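Note sheet for the following structure.
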Amino acid sequence: MKEEEILQEQQKLMESLDPSIIALLAKKRKEKFQQFKTAVSNDNDISHVDRSEPFNTIAPSLHSSNAAVPLVERGAAEQWIHFNVVETDKLEWMRDIPNQKMQLKPGEKFEARFDWKGILIPYISDNNKAENKDERELYLHGDEPQRPGYTLQELFRLARSNVIQQRISAFGAISGMLNIYQQGFYDRIVELPITKIFFLLRFGFDDKNPAILEVVAKALAFLFYNETDEILLDFCYENPGCHWQPTLRVLKADSDHEDAYSVENLQKQFAQLQMSNATNQTFMRAEVEEESEEENTTKKQAPLFYDYPQHLYLKLIRIMISSKLLIAKKLCDTKLIDILQNYLSCHDDLKTKMIKVQIECLRILKCLLLLRIDYDICNKKFLSAFRYMLEWHYNHLIYEEGGPYLLRQHAAAILMCITSTSGPSSRETLPLLADILNDCCCKWFHAATRSGVKEFSQITLLNTCLNVVVWYNRHFDLTRFSNFINKYLKVFIESECFEKFTENIMHSSIILHDSTDRRTVHQSLPNVGSIIMHAYGPQLIVSQKYPIYFLSTLWRIMEMYLENNNKIISECLLKPVIVEPLVKYLHLIGLRCNRYLATNFFSKMELRFIYQLLRFSGIETYFQISEMLQIVYNFLNCLTAEYILEIEQLFEKIIFNPRYLNTNKEFLDRSCNKYLEMIYSLHIVVRPNELTLASPFSQIPVLPIDWPYFPLRLILQNFLENVQHKPSIISSEREVLQIVLRFVTQLEKCNQELNIVTSTEKLMYLMIAFMGPDSSFLDPDIHKMLHQHLLKFYTESKNIKFDFDAVYPGKCQFQNLYALFVDHFQAASYGDELFSSLVMVPLAMKYDNKWRRRLWSDYASALRFLNCGETLLIGGLTAYLEPAEEEESLLKAYNQALNTNLLRLNSLPYEIAKHHIEQFQQRFTKDFI
């Protein structure tokens with residue numbers, strides 16, 4: 001308090017007291033002060049204390065940062081009770097913590113500290129450092145007292161404190177920390193002990209205090225619920241083909257009785273269950289109320305909590321409907337459609353909450369239509385509601401960037417719900433909406449031509465308009481939207497804003513990113529992968545100007561019109577200014593394609609669009625044969641089991657096409673069938689026995705990167721199992737070698753830059769070719785093909801050093817394969833020179849001597865069977881002679897082999913051993929002299 005405030009409070013206190021009491025206190029104070037002066041005057045070591053003399057002359061010196069300094073220096077301080085002696089040790093706690101921080105070296109780690117919101121506090125604030133300010137908060141008088149914030153260990157201790165407010169604050173900090181962690185901001189910065197945090201929160205649930213239970217539940221929700229995934233899934237949901245619900249884990253299939261029982265329980269709770277939005281969509285809380293009378297339930301269309309229907313509850317219903325058809329049918333029996341009709345028929349002014357409710361209602365209705373439930377009822381009940389909402393949007397929706405994005409999303413949801421109908425009654429009722437649909441499409445595309453496409457909800461709205469055209473033309477009349485196509489869509493495609501919009505495809509592509517997503521950042525907490533990690537921080541995987549959804553639908557319209565010999569769209573869309581970005585996009589896929597991100601849930605539509613481009617007749621004219629093969633090869637390596645049909649068609653159209661591979665069609669057809677048999681035998685795709693809108697959030701690609709060589713791995717498997725080839729997979733070992741060698745040779749011949757495998761992997765596959773149980777390498781035709789293949793490989797590998805210690809996921813290491821290879825060489829080589837040349841590869845002097853020690857010591861008996869010419873050695877005989885061997889154990893092995901007649905005279909091992917022994921003798925003689 002300031003001195004003026006102290007005096008004012010003193011005056012108020014004096015006025016409130018009895019004057020007699022004040023006089024008594026003043027008399028006692030005066031007597032006490034006289035005694036104090038007498039005691040001071042009798043002390044020789046202390047000078048006389050006068051009232052006018054400053055009190056700090058007797059006070060010990062205090063640090064200038066101590067908060068008690070202005071107090072003791074204030075005038076008349078010696079008159080205060082018990083302030084005649086200054087105790088410095090007791091005033092030391094008031095001293096400011098000095099802002100002295102150790103300077104960290106680049107890359108040096110320090111203990112993380114967080115504030116009460118879970119935000120990581122920097123070691124040194126740049127703003128305070130630049131402005132020389134001290135705005136630190138949250139002082140903790142423990143380790144590093146100069147640093148604000150709390151460590152994880154300190155928060156854990158506070159979470160188990162006896163003080164309720166400390167526990168609430170600690171759990172609140174952990175809750176905010178988990179929310180930020182789920183968004184990827186702490187990746188590569190802080191390693192959070194997720195398992196320990198989970199157990200701490202579980203212990204927090206044992207508390208009986210409602211305030212603590214609420215904050216712990218919020219923290220657990222942030223741990224299991226990824227808000228970013230949900231937001232991005234909702235934003236993309238209205239685009240065609242984005243209605244799939246990702247499943248994060250495989251649920252155990254219970255019995256039908258248990259399923260029915262759970263659905264019955266769900267029916268009973270349907271009219272009472274509502275989801276709370278009190279925590280700003282951070283987690284959903286289910287509330288259940290019991291109704292004693294059945295009449296109350298039938299009167300209510302839906303119970304209202306917080307005086308409004310909750311859209312998160314409707315979202316939960318949509319997710320359950322998407323996951324299982326049985327749940328959808330049971331929910332429809334509880335008058336779900338009547339409730340949806342009630343919400344969608346609301347003619348009041350649309351507010352933010354009601355817009356979200358109607359969007360979820362439209363999504364639920366769309367799911368029911370896609371699951372083919374109550375076509376006729378839906379079409380008749382919702383026709384008037386659809387027309388009213390479309391007319392409302394036609395008059396009030398603002399397309400421009402400043403308009404509410406929720407209204408654009410609401411309009412898109414209406415259009416997608418309408419286009420999901422295909423029942424018999426739709427042919428009678430839905431044409432009544434054709435006029436308003438056409439007007440909306442014309443108006444919004446006209447606005448897009450003037451204002452451009454700058455925001456994702458705008459892209460979604462335009463995309464759904466195009467989907468309406470596709471849907472209507474397929475089910476009704478092709479000429480109904482001719483005015484929209486001729487006057488509005490054509491003008492939009494020819495506009496400058498569409499050219500700029502198309503150019504974004506290379507920058508916003510998902511599979512061209514060099515980074516990774518966060519799907520498996522914690523194995524026990526998988527997520528959909530809505531965030532990708534860049535060097536400069538996390539970002540959404542789908543950008544604001546992501547054009548793939550729109551271009552895919554536009555391409556479908558063009559193909560549909562071309563089927564009817566109408567080129568009005570193709571003439572605009574296939575102009576050089578539009579095609580050039582698409583050609584560059586495909587070219588980049590041939591150069592670099594992120595195989596991991598291609599399996600992301602949000603990349604599904606991009607893979608579909610690439611397939612649309614590759615199957616389009618005429619796209620091959622923009623690429624050379626080698627470039628086209630590279631593009632398709634990289635694209636095939638990204639496809640999962642749900643793209644089996646696309647793999648088949650690309651095999652037939654490009655990979656095994658005589659136009660691209662210079663060989664006869666009969667061989668290519670046979671090869672194509674064998675590779676497809678291999679895929680089907682390894683990846684059996686079981687279709688669901690009922691309709692479902694659920695899809696796995698991530699799958700592994702069907703084809704490995706080295707799939708042209710993959711049949712050779714079946715030969716190795718048969719070798720290890722000591723069995724013949726299974727007829728159901730591939731007919732014979734000879735046919736496997738013939739197909740693989742010819743196909744790979746033609747593939748590499750057409751595209752010399754195509755790197756199917758690394759040099760070391762290719763060496764391993766060539767070794768496997770000799771390990772078949774049938775010894776097909778002895779067949780004259782196969783032997784000739786192997787000879788040509790090996791000569792080409794040895795020529796290319798002349799200046800390459802193989803990495804024999806490399807680890808390849810899903811494959812054995814070279815040392816294990818080489819041991820099996822040498823064993824098989826001793827048993828079934830028959831003196832073959834090609835077989836011998838592969839045994840000799842690791843024995844070159846540029847490789848580690850452990851390979852030479854292994855062969856000359858452990859497999860010395862195999863040396864006698866080595867029979868190959870110098871022309872089959874990589875680098876020639878010189879690579880095995882220079883530099884001279886210095887390993888003592890190897891020199892002993894060389895000498896022993898020569899003295900025991902283990903080597904054939906004038907064979908390559910004999911020449912190598914003789915040379916190194918002679919070189920050693922020359923060095924020894926020279927050193928001795």
Side-chain angles (χ1 to χ4, degrees), residues 97 110-123 125 128 135-187 189-231 275-287 305-306 310 312 518 521-522 524-525 527 530-531 537-538:
I97 301 297
F110 60 92
E111 191 170 17
R113 290 182 178 272
F114 303 87
D115 63 8
W116 292 123
K117 297 179 181 179
I119 300 174
L120 180 66
I121 299 177
Y123 192 80
S125 177
N128 294 347
E135 299 178 352
R136 295 170 294 161
E137 298 178 357
L138 297 174
Y139 297 109
L140 180 69
H141 301 286
D143 297 336
E144 298 180 316
Q146 72 278 4
R147 289 186 58 204
Y150 292 87
T151 64
L152 278 173
Q153 293 180 349
E154 293 160 354
L155 289 175
F156 280 18
R157 286 197 297 267
L158 289 175
R160 306 304 298 167
S161 172
N162 292 327
V163 182
I164 293 180
Q165 187 56 45
Q166 288 184 346
R167 296 206 300 272
I168 294 176
S169 299
F171 282 124
I174 294 173
S175 174
M177 191 188 310
L178 291 174
N179 186 23
I180 299 173
Y181 166 78
Q182 292 284 28
Q183 299 175 30
F185 287 100
Y186 287 160
D187 290 358
I189 299 176
V190 181
E191 296 181 4
L192 295 180
I194 299 297
T195 305
K196 296 179 180 179
I197 291 177
F198 167 72
F199 281 110
L200 177 69
L201 298 177
R202 172 59 188 86
F203 292 146
F205 252 155
D206 293 336
D207 203 301
K208 298 181 180 180
N209 191 300
I212 295 178
L213 289 176
E214 182 179 357
V215 70
V216 172
K218 183 177 179 180
L220 278 172
F222 281 133
L223 182 62
F224 296 113
Y225 170 79
N226 195 306
E227 186 178 11
T228 310
D229 284 349
E230 297 298 330
I231 291 175
M275 306 312 299
S276 170
N277 194 23
T279 57
N280 194 20
Q281 300 183 12
T282 55
F283 67 100
M284 293 185 286
R285 182 177 61 200
E287 297 186 8
F305 287 83
Y306 308 102
Q310 299 300 303
L312 288 178
R518 302 185 70 255
V521 67
H522 196 280
S524 301
L525 298 173
N527 58 80
S530 59
I531 296 175

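Numbering of residues begins at 1 and proceeds along the displayed sequence. On a predicted model such as this, the values are computed, not experimentally measured, just so you know.
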field: Atom of Ser161, atom of Gln166 and distance for their closest heavy-atom approach
entry: OG-OE1, 2.6 Å
field: Spacing of CG belonging to Asn179 relative to NZ belonging to Lys117, to within rounding of 0.5 Å
entry: 12.5 Å
- request: List in chain and number order the residues that pass side-chain contact (heavy atoms from CB on, under 4.5 Å) with Ser175, two or more places apart in sequence or in another chain; answer none if no residue qualifies.
  value: Lys218, Ala219, Phe222
Reported CD-to-CG distance for the pair Glu227 and Asn527, which is rounded to 0.5 angstrom: 13.5 Å
task: Keeping to residues at least two apart or across chains, list the salt bridge (Lys or Arg N to Asp or Glu O under 4.0 Å) pairs with something in residues 155-166.
output: none
field: Thr228 to Ser530 - nearest heavy-atom pair and separation
entry: CG2-OG, 3.4 Å
field: Residue list, ring pair (Phe, Tyr, Trp, His ring centres under 6.0 Å) with Tyr186, at least two apart or on another chain
entry: Phe114
query: Just how far is it from atom CD1 of Ile168 to atom CG of Leu213, taken to the nearest 0.5 Å?
result: 10.0 Å
statement: Residue set satisfying salt bridge (charged side-chain N to carboxylate O under 4.0 Å, His left out) with Asp229, at least two apart, ordered chain then number -> none
task: Find out whether Trp116 and Leu155 are in side-chain contact, i.e. whether some heavy atom of one side chain is under 4.5 Å from a heavy atom of the other.
output: yes
message: Any non-hydrogen side-chain atom of Val190 less than 4.5 Å from a side-chain atom of Met177?
response: no
Can you give the donor-acceptor pairs under 3.5 Å from side chains of residues 192-199 to other protein atoms, not counting sequence neighbours?
none

- request: Return the minimal non-hydrogen interatomic distance between Tyr225 and Gln182, and the atom names on each side.
  value: O-NE2, 4.5 Å
- line: Taken to the nearest 0.5 Å, the spacing of Asn226 CG from Ile531 CD1 works out to 6.0 Å
field: Nearest non-hydrogen partners of Glu154 and Tyr150, listed with the distance
entry: OE1-CA, 3.4 Å
Any residue meeting side-chain contact (heavy atoms from CB on, under 4.5 Å) with Glu191, in chain and number order, not counting sequence neighbours: none
message: Rounded to the nearest 0.5 Å, what separates atom CG in Leu200 from atom CD1 in Ile174?
response: 5.0 Å
query: Roughly how far apart are Phe185 CZ and Asp187 CG, rounded to 0.5 Å?
result: 10.0 Å
Close side-chain approach of Val521 to Tyr181, heavy-atom, < 4.5 Å: yes
- prompt: Any side-chain heavy-atom pair from Leu178 and Leu201 closer than 4.5 angstrom?
  reply: yes
In residues 202-212, what donor-acceptor pairs under 3.5 Å come from side-chain atoms, sequence neighbours left out?
unit_1 : atom_1 : unit_2 : atom_2 : d
Arg202 : NH1    : Asp206 : OD1    : 2.8
Asp207 : OD1    : Asn209 : N      : 2.8
Asp207 : OD2    : Arg167 : NE     : 3.4
Asp207 : OD2    : Arg167 : NH2    : 2.9
Asn209 : OD1    : Ala211 : N      : 2.9

- prompt: So, do Glu214 and Phe171 sit near enough that their side-chain heavy atoms are less than 4.5 Å apart?
  reply: no
